[in-house]
Amino acid sequence: MQEDKIIELKNIEKICGDRKILNIDNFAVLKNKFNFIIGGNGSGKTSLLNILCLVDQDYQGHLYYKGQKINKEQQNLELRRKFSVIWQDPYLYRGDVFYNIALPLKLRNINQNLINKKVKEIAARLEIQNLLEQSAHTLSGGERQKTSIARALITEPEILFVDEATTNLDEESIQFFNSHFADLVTDEMTVVMVSHDRRQIKQLADQITLLKNGEIKTTKKLNNFNFELFGAGIESPIVEIV
Amino acid sequence: MQEDKIIELKNIEKICGDRKILNIDNFAVLKNKFNFIIGGNGSGKTSLLNILCLVDQDYQGHLYYKGQKINKEQQNLELRRKFSVIWQDPYLYRGDVFYNIALPLKLRNINQNLINKKVKEIAARLEIQNLLEQSAHTLSGGERQKTSIARALITEPEILFVDEATTNLDEESIQFFNSHFADLVTDEMTVVMVSHDRRQIKQLADQITLLKNGEIKTTKKLNNFNFELFGAGIESPIVEIV
Amino acid sequence: EVLTMATTTSTENSGLLEELLPPFEEKFEVRVDVVAVGTGAAIELGRNGDADIIFVHAREAENEFVANGYGVNRRDVMYNDFVILGPPSDPAGIKETETAVEAFQKIESEGAEFISRGDDSGTNKKELSLWDNAGITPDGSWYLESGQGMGPSINMANERQAYILADRGTYLAYSGDIELEIVNSGDPVLFNPYGIIPINPAYHRHVNYQLAMALTGYLTSQQGQNIINNYQRYDEQLFYPSAIEAENLEE
Amino acid sequence: MDYYTDAIFRALELIITLDSEVIQIVTTSLKISISSTFIASIISIPLAIVIARNKFKTKKFINIILNTLLSLPTVVVGIFVYSLISRRGIMGELDLLFTPTGIIFGQVLLIIPLITALIRNVIFSMDEKLYKTAVSMGASRRQKFKLLISEARYGIIGAVIAGFGRVLGEIGVSMMLGGNIKGVTRTITTAMSLETNKGRFAFALALGIILLSLSFLINLITYYLQEGKNYARR
Amino acid sequence: MDYYTDAIFRALELIITLDSEVIQIVTTSLKISISSTFIASIISIPLAIVIARNKFKTKKFINIILNTLLSLPTVVVGIFVYSLISRRGIMGELDLLFTPTGIIFGQVLLIIPLITALIRNVIFSMDEKLYKTAVSMGASRRQKFKLLISEARYGIIGAVIAGFGRVLGEIGVSMMLGGNIKGVTRTITTAMSLETNKGRFAFALALGIILLSLSFLINLITYYLQEGKNYARR
Ligand SMILES: Nc1ncnc2c1ncn2[C@@H]1O[C@H](COP(=O)(O)OP(=O)(O)OP(=O)(O)O)[C@@H](O)[C@H]1O
Ligand SMILES: Nc1ncnc2c1ncn2[C@@H]1O[C@H](COP(=O)(O)OP(=O)(O)OP(=O)(O)O)[C@@H](O)[C@H]1O
Ligand SMILES: [Mg+2]
Ligand SMILES: [Mg+2]
């Protein structure tokens, strides 16, 4: 595995009201790797993800994609369409589950037959095929989460951003989710993942970045995973997970 | 420990549209115990909780509190005020964190000084004291969850209902949460908990009920916890957690 | 005390009432509430007992009102006159006509556009009676019914360069803003008599009949008639008193 | 056609000289439209909540009727209320015709459908979890109701502002039920209508400018009262 | 005072006999108010979204102005448009005065503030996550816009219905700019106003009943078109 940097951040600052919620000098997402972002609640993980996936373009500093500086004033539509995000608290649109899963493809003007096929495929894999015609707002917590996962995976993104996606999932689904990813990443996918799940991290992580109060405390690249090494010298109890 | 039944359900059916989402002949919540409800996504855990905590009174069948039948046509305000719920997907009201945590006490017409004292106390224990004046809709996922936990605990309920409350929480907070409960339950609290968290269940459960497709597959009372015994003969992968 | 008088919009718009009523209000320590609406509506208000007295110009309807017992002691108070207005270019050549009926006949024969108020007001009724006298049933694309008050109708005629029958008071009020000119006036049939009718207290027991009669008396008294006679706007006399002989008036 | 400069000058003149007649009609207008809005809101808010939140058989029908009543013309309200408060009407004894109270009566009926329909739309769009959470926190019916109003407050204020705008700028009801009596029931709009009929467009416009300035002022105050900061932030 | 039975009988009579004059004014009314609502909506929807979603310096001010314009009286709109389209106005050449188009012009101006303000309120209350999610799904600006409209559709339809009701029941603008010319620009409301001035209250009410029936019909159709089932379910 090479260690290409697919996204790089330089001198990022993000201020909300009178709080500086992010302050990052340097950060890179490694290509074709599992990049984990961990940290306590409110440490800035979601905010960082927002910036990485180009959803939030209102910050100080610069973002590079494959070495090229991204213009924050632009839509960057083409680039954004290579990304997918599974949000911590997914928003589903008014309509049924099918509509929600199909949306990203519709936005890319894919033809309806292909959409039908793909939606059915992904829904079957996530075992929500019987919910396709159910109104999204009547779903259970886990069903919502699965719908949002299906919606993110359906575009076969180059980079997948995941913000605590296994929240609300049952054991079976978490297993599927984790193994599915391991499959996917061999297929040239890069994953950026926020997680509190110790097992998930153990199983998947190639790089772990620890955030605290909006700053990066440590970044470790891991080939042969070594928890003790990583944890050494950092006071945050977060590290105990790893 | 006695095994008093504080809540009992008899012949419960709940129908949504053309799906029967709950069908339970018999279920009891044990007093001063940790009652876990487990099951796959969409198995009806949240729906059952809604009925137990009197939020949903629109179903077939009957609910008994300490042996007394509860009239579904009534508000049951007094009884409801003995309960607290931590929801799977917490709703916070427009206003700051303080307002949200204080709300249940305000609804009970507690005097403002006492409210101030209690809010500060609980916020400090959950380490969100510095967020008290922050607008609730700017909180991070974990911060929202903690706020909703504080809001539920502040009334010192007789029965606490918890629907995957550790969702989104960091390791430290989960630890606090679990140990806090262990403390609380000795103080005459009954807990009904929906969880996918194997560790939590191991650590806390007195009774485990497994739901599947809205029906109860097994209920086990556990003194000396024995996973193998419990799991035997049940096909659901859920059981593997236990 | 309050006396409610229902009258037509044109009466109020002329500004006469603001001169005419204050001396009465002072003398009788009363407030006169003037409600200005369409002629038909004013009569309907009287019929329902929502006014103590009505002051309108629609002789036939007034007679019917009294005949039906809704009002008593109708008095003539004053008159003004109608004028026929038209564009300065006068395409139908109305300026050459003598009588109003002649003018109407020419308008029809030339097919010139004419605006009718079409609202059953005193003015509208006068116009219809003129068409009747001229032996014409007004119809066709040259004849437009505006269904509006005098002012807006004059405006419409001005915009469309059409002919219209208008009361002199309203015409004068608009004369600064419009191009229309008087093309025919002075024919006695164009006189426009105003009558005042107290509501019958036998029919509506609550009405303030005493004060209504007092107002009737005042308007037809020498004082009231003098004020009417001396009321001028735009340097012209708008109304002519009709309750007492001209020689009994003062300048 | 230089209505505008003329109108603006006249408006300024009327405002600066504190023309007593203008002050009087402005006061009347304000008093009437604030009262109407207040009373209509008191009625509409609970009504809207009942319609939006309760399940009853005729709900669909009621909703369509409510939307229909949005096109209620002032004349219909005028005639209807007139028939009640006229001397020959069943409320004739109360002597409400040609009084500010009469106008308020009519205006309240005029805007109840508007305010109710708009608030109903707001309540419809609220997150269902609001209610569940309120119940689980131990809210009584009354408290749930209050909490709902507090959550929906920006939407409710928006609806009330729309209702206020409607009555402040309304002419037909004020004309028919008030009678445009000078010094008693003459409002800014009926005065405008009168001036327009007289052909004094510039003067009518001047009154219109005063009306809009007044409305601006009231909206400015409302804006700051309703936690302007939060409102702006969203 | 038996206006009502009289009015209902007359209304039925007019409807049953298909009175040709009534058919004519009903058609005119419908044509005008549907056109006005359509044009105003086309303008208001993007306008509302721009105001609600963008951050700009004068936003607070624009919002207050928008609320202020809710009290725009018909007379002001009437005079304003009149001054533009009258023979002496800058658009005089177009001969719009006393035509249905003239009325539409005025009505569009009258309801743009209403529809815009109401839709703005709806957009304000949408969940912020809607936008984030749309962007992350790869929506272009245009698609984000469409998605927003689709999410807010019930609120938007509610606002448009309110606007439609306003113009259908509106009198002042139709009167001033249309001139209530029989057979040309006479609408249900101007005819009602005329009958009221004539003192023929029952006949005016009969027209009012026809207007409300019409509005009911249109709302019924709208209700079913807008996925009545979903709407009712909430
Ligand atoms: N209005 C409705 N119409 C149809 N199905 C519904 C409706 N409401 C809920 N359901 C279904 O009922 C089932 C049970 O939902 P519930 O929220 O109780 O599940 P859960 O066990 O809490 O699942 P999770 O672990 O995902 O939170 C789900 O499959 C859900 O889709
Ligand atoms: N508009 C705002 N004003 C003030 N503080 C804000 C605002 N938006 C976000 N924050 C704060 O920024 C911090 C970082 O938020 P973020 O959502 O990135 O946290 P996180 O690491 O994802 O936490 P979690 O694990 O709880 O999801 C939080 O403390 C949050 O309260
Ligand atoms: Mg987060
Ligand atoms: Mg659930």
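Atoms considered below: every heavy atom in the structure, side chains included; atoms not considered: hydrogens, waters and symmetry mates. Chain letters run A, B, ... following the sequence lines, proteins first, then strands; residues in each count from 1.
- C:Y218 and C:F24 have their aromatic ring centers within a separation under 6.0 angstrom.
- For chain D, the nearby parts of C:L45 are the backbone and the side chain; heavy atoms of each come within less than 4.5 Å.
- Taking non-hydrogen atoms and a 4.5 Å limit, the residue list of residues 180-193 of chain D in contact with chain C, ordered by number, reads D:N180, D:I181, D:K182, D:V184, D:R186.
- Ring-plane geometry between C:Y194 and C:F239 is classed as perpendicular, the angle between the planes exceeding 60 degrees on a 0 to 90 degree scale with a lower cut at 30.
- Both tests pass for D:R200 against the ring of D:F203: distance under 6.0 Å to the centre and angle within 45° of the axis.
- Heavy-atom distances place the backbone of C:A36, and not its side chain, under 4.5 Å from chain D.
- Listed by chain and residue number, D:V50, D:F56 satisfy the side chain to side chain contact (heavy atoms under 4.5 Å, CB included) test with D:N54 (two or more places apart in sequence, or in another chain).
- Take C:E44 and apply the salt bridge (charged side-chain N to carboxylate O under 4.0 Å, His left out) test, not counting sequence neighbours, and it matches C:R47.
- Contact detail for C:S153 and C:Q148: the closest heavy-atom pair is OG-O, 3.4 Å.
- Residues that satisfy the salt bridge (charged side-chain N to carboxylate O under 4.0 Å, His left out) test with D:R166, not counting sequence neighbours, are absent from this structure.
- With a threshold of 4.5 angstrom between heavy atoms, C:N155 approaches chain D through side-chain atoms but not through N, CA, C or O.
- In this structure, C:E25 does not pair ionically with C:R31, as no charged nitrogen and carboxylate oxygen lie closer than 4.0 Å.
- Contact tally against chain D (heavy-atom pairs below 4.5 Å) for C:G151, C:G15, C:G49: the top residue is C:G49.
- With a threshold of 4.5 angstrom between heavy atoms, C:S14 does not approach chain D through any atom at all.
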